[in-house]
There are 2 protein chains.
Amino acid sequence: MEKSYEDVWNGQEDGAHMARIKDVAREAGVAASTVSLVLNQKGYVSEATRQKVEAAMKKLNYIPSEVARNLSLSRTQTIGVILPSLSHPFFGELAEELEAALYHLDYKMMICCTQAKENSERDFVDMLRRRTMDGIIMGAHSLDLSIYDGLDQPIIAFDRIINPRIPIVHCDHRRGGQLAAEAFLRAGCGRIADIIGYQGVHSPAHEYHRAFRTIMEAYGVEVHVIELPWNAFGYADFLQTAERLFAEYPAVDGILGADMVVAACQHSAVARGYRIPEKLKLIAYDGTSFTCTGAQPITAVRQPIRQLARLAAEKIVRRVKGEMDDLPCTCEPELIERETC
Amino acid sequence: MEKSYEDVWNGQEDGAHMARIKDVAREAGVAASTVSLVLNQKGYVSEATRQKVEAAMKKLNYIPSEVARNLSLSRTQTIGVILPSLSHPFFGELAEELEAALYHLDYKMMICCTQAKENSERDFVDMLRRRTMDGIIMGAHSLDLSIYDGLDQPIIAFDRIINPRIPIVHCDHRRGGQLAAEAFLRAGCGRIADIIGYQGVHSPAHEYHRAFRTIMEAYGVEVHVIELPWNAFGYADFLQTAERLFAEYPAVDGILGADMVVAACQHSAVARGYRIPEKLKLIAYDGTSFTCTGAQPITAVRQPIRQLARLAAEKIVRRVKGEMDDLPCTCEPELIERETC
DNA sequence: GTGAAAGCGCTAACAC
DNA sequence: GTGTTAGCGCTTTCAC
């Protein structure tokens with residue numbers, strides 16, 4: 001359809017200005033405020049005028065401007081989401097679930113990926129100050145948290161510690177560490193490598209390693225710790241780490257770490273002739289689709305991404321609306337037994 | 001920092017209203033329009049007044065409202081992006097690159113995932129009508145394209161045929177098909193399975209299969225075609241397809257298809273005892289990170305996602321600005337030889 | 001029930 | 001150079 005009959009009939013050519021609320025009002029022979037009422041289904045409007053207004057709206061092909069409405073209501077119905085990347089499966093899944101959750105709450109999602117873009121996070125937080133969005137869900141791995149100081153707008157952190165005023169939505173990582181520990185213990189592992197994220201990033205996620213090690217050490221199991229560099233998300237980085245691990249610690253019989261590192265270790269291990277799960281057990285933490293997609297699906301502690309996303313969305317929206325937020329901050333992880341432990 | 005010294009000093013408590021442009025004007029003893037000028041670095045403002053204005057802005061902790069500015073300029077500086085999902089690696093990577101490209105063009109990205117959300121696409125396109133965003137990049141697998149009829153706002157399609165008025169950014173798929181064909185031919189394959197997407201979705205991507213088959217048939221190679229159901233993106237769906245493939249066509253010695261299906265075939269094949277690449281060759285089309293992350297990295301025809309994203313971003317922005325768009329519509333794919341062919 | 005008018009916070013002509 | 005004025009397109013009190 002090139003151009004609708006009505007558009008042409010009404011002179012809605014490309015250049016012609018779009019109908020505004022006052023055009024509709026004039027056409028229907030009423031005041032703009034009345035049109036607003038029927039538009040928003042508020043107040044009382046007689047059936048007769050409603051009909052007239054609706055006819056006028058249809059005739060002029062009227063579509064209200066969201067921007068004007070937002071200015072008037074001083075809000076935008078959009079939530080900003082700050083994540084390190086989208087290509088990483090964890091953040092991809094998370095972003096998808098956040099978008100869905102926000103959509104159902106009648107909010108739009110604006111995305112900012114911080115990785116590989118200098119200053120983008122600062123710019124984005126500035127947009128919050130400029131009231132381009134109503135609130136932020138922050139889940140990036142920033143080292144400089146000062147940009148969040150003195151912010152009055154609603155903000156919640158996803159698995160990150162930003163400052164004491166900002167609530168954190170996260171999975172019960174202590175329980176996650178416990179699940180992993182119990183699984184390795186059941187499997188009889190005695191020499192474990194624990195691959196941890198960069199410790200300069202403040203995240204509740206570090207807890208699962210702590211909980212894990214506490215338990216393992218209580219059972220007299222040796223745990224060798226390896227720290228990843230900051231913002232290492234590339235598979236190549238992980239392969240290097242894997243190589244380093246096997247070189248330093250060839251007697252390892254169990255590995256715990258995030259999905260992709262563990263997958264890289266699986267790859268390296270097979271190449272070096274380790275038999276999995278007979279001689280080497282693997283548990284991936286996070287449990288994104290990534291772990292069930294290879295030749296040998298990886299046993300994982302799964303973070304309940306959907307629930308976490310819903311919780312975060314619900315929480316930020318409540319805060320934006322000024323409603324009471326008595327929602328919990330955590331969700332429970334789950335052990336998914338597959339072929340590597 | 002709980003609250004900045006200045007905030008407190010200026011009474012910028014939570015309840016206190018934020019400074020507006022006229023507050024700054026009053027404080028500086030000038031007109032609002034002058035403040036606007038220094039804000040936007042436009043026109044000529046004497047050094048003295050500039051200083052006064054800047055001091056006033058700092059003192060009142062003034063942050064301009066983006067919404068008011070947008071209403072005034074009737075634009076939003078945001079582009080909507082419609083994709084089936086974000087958890088799929090192709091779309092995750094694409095979204096990430098789009099966001100980066102738009103960021104550098106000074107635009108924000110609003111995301112809509114259509115999969116698993118009835119009507120969300122219609123709602124989203126409606127937002128374009130409501131001028132919530134300035135333009136759209138559409139890359140979803142919709143069957144009902146009528147919602148794009150009669151749209152006057154800028155829109156460009158990503159690897160999708162929507163209607164004749166909407167330009168399409170896509171990879172040169174014919175060339176992609178040719179690259180795959182040549183690789184299989186060099187490897188001496190004679191019985192190929194070609195796994196194609198659902199044909200009800202109109203996409204230039206179908207071209208690579210056509211080009212591929214044309215060449216293969218010219219060389220007398222048998223090609224067995226398998227069609228995927230609509231919106232099959234889950235790995236489980238792909239595993240089923242793989243099983244079906246080997247059951248129906250056990251003599252296969254080469255498989256072509258999108259990344260995840262081919263990965264699923266790899267998995268199935270290994271389980272069934274096919275030796276790759278000796279007895280069975282695999283080529284994945286798309287070449288996302290997914291293909292280089294398993295135990296045996298998959299040879300792939302890679303779509304240049306970053307370039308495609310930059311092109312799409314640049315194109316939509318030019319259209320939004322009313323600039324001439326003489327940019328090309330296509331990018332070249334590349335064969336990445338790895339371990340499966 | 002409906003309309004007039006003020007306001008949301010900024011930009012842009014056009015005077016001076 | 002700077003101020004005045006009139007929008008941008010909607011919502012919302014408050015009379016009538």
Side-chain angles (χ1 to χ4, degrees), chain A residues 12 16-54 56-57 60-77 126-134 153, chain B residues 12 16-54 56-57 60-77 126-134 153:
Chain A
Q12 297 279 325
H17 75 282
M18 313 207 72
R20 297 150 302 166
I21 199 168
K22 55 160 57 169
D23 297 321
V24 176
R26 189 173 345 94
E27 178 72 33
V30 299
S33 55
T34 306
V35 177
S36 176
L37 288 184
V38 344
L39 210 55
N40 301 299
Q41 329 219 44
K42 276 186 180 170
Y44 291 88
V45 182
S46 75
E47 193 50 32
T49 44
R50 160 190 313 294
Q51 305 265 333
K52 277 193 300 185
V53 169
E54 277 167 356
M57 296 201 300
L60 300 182
N61 197 251
Y62 172 67
I63 317 249
S65 155
E66 191 75 30
V67 186
R69 166 170 249 259
N70 286 344
L71 175 59
S72 204
L73 298 175
S74 43
R75 52 97 160 125
T76 60
Q77 293 291 110
D126 249 35
M127 285 169 42
L128 182 57
R129 290 209 158 79
R130 301 177 125 83
R131 287 144 284 171
T132 303
M133 43 223 181
D134 298 338
Q153 285 85 346
Chain B
Q12 296 280 325
H17 76 282
M18 312 207 74
R20 297 149 303 166
I21 200 169
K22 56 159 57 167
D23 297 322
V24 176
R26 186 169 350 94
E27 178 73 33
V30 301
S33 57
T34 306
V35 177
S36 177
L37 289 182
V38 345
L39 210 54
N40 301 298
Q41 330 220 42
K42 277 187 179 169
Y44 291 90
V45 181
S46 75
E47 192 51 31
T49 44
R50 160 189 313 295
Q51 306 266 330
K52 275 193 301 183
V53 170
E54 278 169 355
M57 296 202 300
L60 300 183
N61 196 250
Y62 172 66
I63 317 249
S65 155
E66 192 74 31
V67 186
R69 166 171 249 258
N70 287 343
L71 174 60
S72 202
L73 298 173
S74 44
R75 49 92 160 135
T76 59
Q77 294 289 111
D126 249 34
M127 285 169 42
L128 183 56
R129 290 209 159 79
R130 288 169 194 279
R131 286 144 284 170
T132 304
M133 43 221 180
D134 298 338
Q153 286 86 346

(request) Report yes if a side-chain nitrogen or oxygen of B:T34 is closer than 4.0 Å to either non-bridging phosphate oxygen (OP1 or OP2) of D:dG3; otherwise report no. (result) yes
(message) Does B:S72 contact D:dG7 through a side-chain donor or acceptor facing the base, at a distance under 3.5 Å?
(response) yes
(request) Please state whether the phosphate of C:dC10, meaning OP1 or OP2, lies under 4.0 angstrom from any side-chain nitrogen or oxygen of B:N70. (result) no
(request) Could you state the atom-to-atom distance from CD of B:E47 to P of D:dT2 in whole Å? (result) 10 Å
(request) Report the residue from B:M57, B:Q51, B:R50 that forms a side chain to side chain contact (heavy atoms under 4.5 Å, CB included) with B:V53. (result) B:M57
(request) Classify the side chain of B:S33 and the base of D:dT4 as holding, or not holding, a donor-acceptor pair under 3.5 Å. (result) yes
(message) What is the distance, to the nearest angstrom, from the CG atom on A:L37 to the P atom on D:dT13?
(response) 11 Å
(message) When you measure from the side chain of A:R131 to the backbone of B:I63, do you find a donor-acceptor pair of N or O atoms at a distance under 3.5 Å?
(response) yes
(request) Determine whether B:R130 and A:R69 make a side-chain contact, defined as any pair of heavy atoms from C-beta on separated by less than 4.5 Å. (result) no
(message) Which nucleotide wins on minimum distance to the side chain of B:P64, given the candidates C:dC10, D:dT4, D:dT11?
(response) C:dC10
(message) Could you check whether any side-chain heavy atom of A:E66 comes within less than 4.5 Å of a side-chain heavy atom of B:T76, counting everything from C-beta outward?
(response) no
(message) Rounding to an integer number of Å, can you tell me how far A:N40 CG sits from D:dT12 P?
(response) 7 Å
(message) With heavy-atom distances below 4.5 Å as the criterion, would you say the side chains of A:V24 and A:E27 are in contact?
(response) no
(request) Could you check B:Y44 against A:Y62 and say which one's nearest nucleotide on DNA chain D is further toward the 5' end? (result) B:Y44
(message) Please determine whether any donor N or O and acceptor N or O are separated by less than 3.5 Å between the side chain of A:T49 and the base of C:dG1.
(response) no
(request) Return the nearest nucleotide to the side chain of A:S46; candidates are C:dT11, D:dC10, C:dT2. (result) C:dT2
(request) Give a yes/no answer on whether the side chain of B:K42 brings an N or O atom under 4.0 Å of OP1 or OP2 in C:dA12. (result) yes
(message) As a test of reading the structure: which of C:dG3, D:dT4, C:dG9 is closest to the side chain of B:A68, going by heavy atoms?
(response) C:dG9
(request) Could you tell me whether A:L71 contacts a base, only the sugar-phosphate backbone, or nothing, with contacts defined as non-hydrogen atoms closer than 4.0 Å? (result) base
(message) Under 4.0 Å, counting only non-hydrogen atoms across every strand here, what does A:S36 touch: a base, just sugar-phosphate, or nothing?
(response) base
(message) Using a heavy-atom cut-off of 4.0 Å across all strands, would you classify B:V35 as base, sugar-phosphate, or nothing?
(response) nothing
